[in-house]
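When a residue number appears, it is its place in the shown sequence, counting from 1. Atoms within a ligand are numbered from 1 in the order they appear, just like the ligands themselves. What you are looking at is a predicted structure, and each value in this text was computed from that prediction instead of being measured.
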Amino acid sequence: MINKSTLLTLLIVGISLLLQAQQKKQAINSKTISPDLIGVFFEDINYAADGGLYAELVQNRSFEYSLSDRNGWNSFSNWEYITQGFGYGTISVETSSPIHPNNPHYVVLKIEDEGREGVGLKNNGFDFIPVKAGEKYDFSVFMRQMSDNTFPIQVKLVGKKGAVLGEVSFSTESKDWKKYAATITASQTEDSASLVVLAKAKGKLAIDMVSLFPQNIFKNRSNGLRADLAQTIADLQPKFMRFPGGCLVHGDGLGNMYRWKNTIGPVEQRIEQRNIWGYHQTAGLGYFEYFQFCEDMGAKPLPVVPAAVSCQNSGGTWRIGGTGQKGVPQDEMKEYIQEILDLIEWANGPVTSKWGAKRAEAGHPKPFNLEYIGIGNEDKITPVFEERFKQIYDIVKAKHPEITVIGTVGPSPAGEDFEKGWKVANETNVPIVDEHYYEKPEWFIANQKRYDSYERSKSKVYLGEYASRGNNLFNAIAEAAYMTSLERNGDIVHLASYAPMLAKAGHTQWNPDMIYFNNTAVYRTPNYYVQQLFSVNNGDFYYENVVTPSLNKGDSTLAYSCVRDSKSGDVIVKLVNYGKNEQKLKVDLSQFKSIGSKATLSILTGTADAKNTFENPTRVAPVIFDFKVGKNFNYLSQSMSLTVIRVKSKK
Ligand code: AHR
């Protein structure tokens with residue numbers, strides 16, 4: 001006879017064995033994956049910064065455009081000299097007494113007669129200036145009286161046909177450089193306005209840093225970002241943002257490398273330079289603004305600094321085998337490495353440190369909590385590179401073990417630089433390496449097993465740039481299929497970002513991109529929606545054996561993944577059908593005890609060649625609705641679709 005207490009003991013032992021078995025099953029079926037997997041890549045390419053995300057409306061505000069930016073450009077590019085109303089005099093660009101040596105050029109008006117309307121300048125913005133009725137615009141300018149008199153100044157927003165859409169007046173009051181600021185309210189909506197600044201007195205006047213910002217700015221930051229574009233990026237809920245590139249980082253020649261210190265401090269003191277993509281960087285969107293944007297979006301900052309070498313394609317040398325790479329001279333390496341250590345101190349150091357104090361001065365006493373730093377961008381792996389990368393990495397690792405360094409393995413998914421880059425990674429044990437590839441959609445479909453066989457004991461991967469060469473739905477779906485494999489390998493693929501992100505219509509050096517915009521509109525590509533569906537539905541645990549295709553394995557055009565977000569407890573199943581036919585599949589959620597039957601279902605689908613445009617911006621967009629699930633259910637996955645089923649936690 002078994003007595004009550006033996007029965008109870010047996011019951012307890014039985015339950016605990018059952019629980020252990022359950023846990024064991026879970027341990028086999030699940031693994032932790034990177035919670036930072038999906039982020040964004042920002043590069044100032046395609047007018048992504050000036051004329052794009054950076055909300056400044058005046059083009060060439062500091063008269064620093066030059067021939068080396070682009071043939072035909074000069075200090076006065078995008079400006080007109082205005083002498084309407086019978087005024088006359090001369091205009092010149094001078095450099096002898098600038099606001100700051102970093103910003104050498106300014107304009108001097110020598111007014112012999114101000115006429116009826118004054119003498120001055122007109123700026124047409126970036127493809128003109130869009131203004132909205134009732135909205136306010138912050139104008140500012142630096143002026144210096146070079147004659148004894150003061151100057152009445154009139155500032156106007158003028159429509160294409162000459163209508164005055166808003167104006168403001170003030171008077172100069174200093175023989176030293178002085179900043180004047182005023183707000184203009186637009187009386188009408190006009191997409192093609194210009195800014196006119198007129199001086200209404202005889203004499204000599206110096207002018208620089210002519211600026212106009214909308215007050216409608218993302219998160220109301222000063223020197224801030226265009227609200228609609230920034231919000232479009234923030235809506236991706238990226239877990240990190242890489243910046244400032246791309247090839248922009250290592251630059252077209254050593255003198256063109258992106259040096260972070262040139263981009264902080266008062267905008268009139270930043271060092272502007274040629275953009276490798278054939279235009280000009282004002283550095284108005286600089287390191288402070290990048291870090292602030294990351295914080296405002298809840299994304300971790302991921303700055304990439306040059307590995308002390310310039311781009312191998314400098315001067316267009318890709319045509320002759322990419323021999324343009326130059327290394328920072330060895331006698332400058334100590335100083336160069338210090339610049340990187342200073343960046344870490346600037347981002348994370350206390351306000352009492354030299355560089356932490358500069359961050360605080362700019363308005364951010366709290367640290368920015370930098371965790372990741374990239375060293376190098378798809379550089380050619382040469383002895384010059386290797387030597388410098390190792391020098392930088394050794395010192396950063398020794399001084400800042402808390403920072404995760406990301407190395408680089410060339411511009412392709414295979415080949416010489418890839419092999420050599422991985423060799424360097426294996427020798428140095430760099431925590432993460434940055435892989436880049438732009439391939440056809442078929443490549444992404446065929447290579448879904450790429451990371452399954454990566455050795456788990458080696459460096460992790462940051463898939464820092466990838467795209468499938470198109471913005472059709474098929475491209476996006478191929479990327480989605482591949483992204484299920486990134487989730488499946490989220491224990492080794494730590495970070496991933498589609499590239500490039502932004503492109504301004506009419507100023508695009510690289511296609512495809514994820515988000516297209518002009519001065520007044522933004523549209524999201526199908527590729528954007530795929531990134532968004534993965535990012536907002538990320539998890540930190542990956543589960544096997546949840547989805548089973550009903551067809552024989554060989555016939556399947558399905559890719560799938562299942563993750564759980566431990567913060568919400570939700571379980572998320574992603575189902576991708578990149579084929580021409582519907583596909584039946586089974587979902588088995590029986591291993592998840594903490595979920596209920598409530599779910600949301602998001603589906604992105606359409607014809608393979610469907611794409612979004614300015615005229616039809618939401619032809620392809622996800623549809624989201626409530627959905628009920630059982631522990632086991634069948635699902636019919638439509639052709640050319642991404643379905644995300646988010647099953648809510650019971651709690
Ligand atoms: O994303 C566009 C360019 O592609 C990047 O600047 C470069 O890193 C890559 O070759």
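- Considering each of Glu465, Glu43, His436, the one bringing a non-hydrogen atom nearest atom 4 (O) of ligand 1 is Glu465.
- Within ligand 1, the atoms closer than 4.0 Å to a non-hydrogen atom of Cys247 are 5 (C), 6 (O), 7 (C), 8 (O), numbered from 1 in the order shown.
- For ligand 1, the atoms closer than 4.0 angstrom to any heavy atom of Pro500 are 1 (O), 2 (C).
- Contact atoms of ligand 1 toward Asn377: 8 (O) (distance under 4.0 Å to a heavy atom of the residue).
- Heavy-atom proximity to Trp277, at under 4.0 Å, picks out these atoms of ligand 1: 6 (O).
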For a quick test of your reading: what N or O donor-acceptor pairs under 3.5 Å do the side chains of residues 396-406 make, sequence neighbours left out?
residue	atom	partner	partner atom	Å
His400	ND1	Glu402	OE2	2.8

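- Of the protein's non-hydrogen atoms, the one nearest atom 1 (O) of ligand 1 is Tyr438 OH, 2.7 Å.
- Phe534 carries Lys574 over the face of its six-membered ring, with the cationic atom under 6.0 Å from the centre and within 45° of the normal.
- With hydrogens left out, the protein atom closest to atom 10 (O) of ligand 1 is Glu378 OE2, 2.6 Å, a heavy atom.
- Evaluation of the ring pair (Phe, Tyr, Trp, His ring centres under 6.0 Å) test over residues 298-326, restricted to residues two or more places apart or in two chains, returns none.
- For the pair Lys358 and Trp355, the cation sits on the ring face: its NZ or CZ lies under 6.0 Å from the ring centre, inside 45° of the axis.
- Per-residue contacts place Gly246 under 4.0 angstrom from the following atoms of ligand 1 (heavy atoms of the residue considered): 5 (C), 6 (O), 8 (O).
- Rounding to the nearest 0.5 angstrom, the gap separating the CG atom in Asn377 from the CD atom in Glu43 is 7.0 Å.
- By the 4.0 Å N-to-carboxylate-O rule, Lys261 lies too far from Glu339 to be salt-bridged with it.
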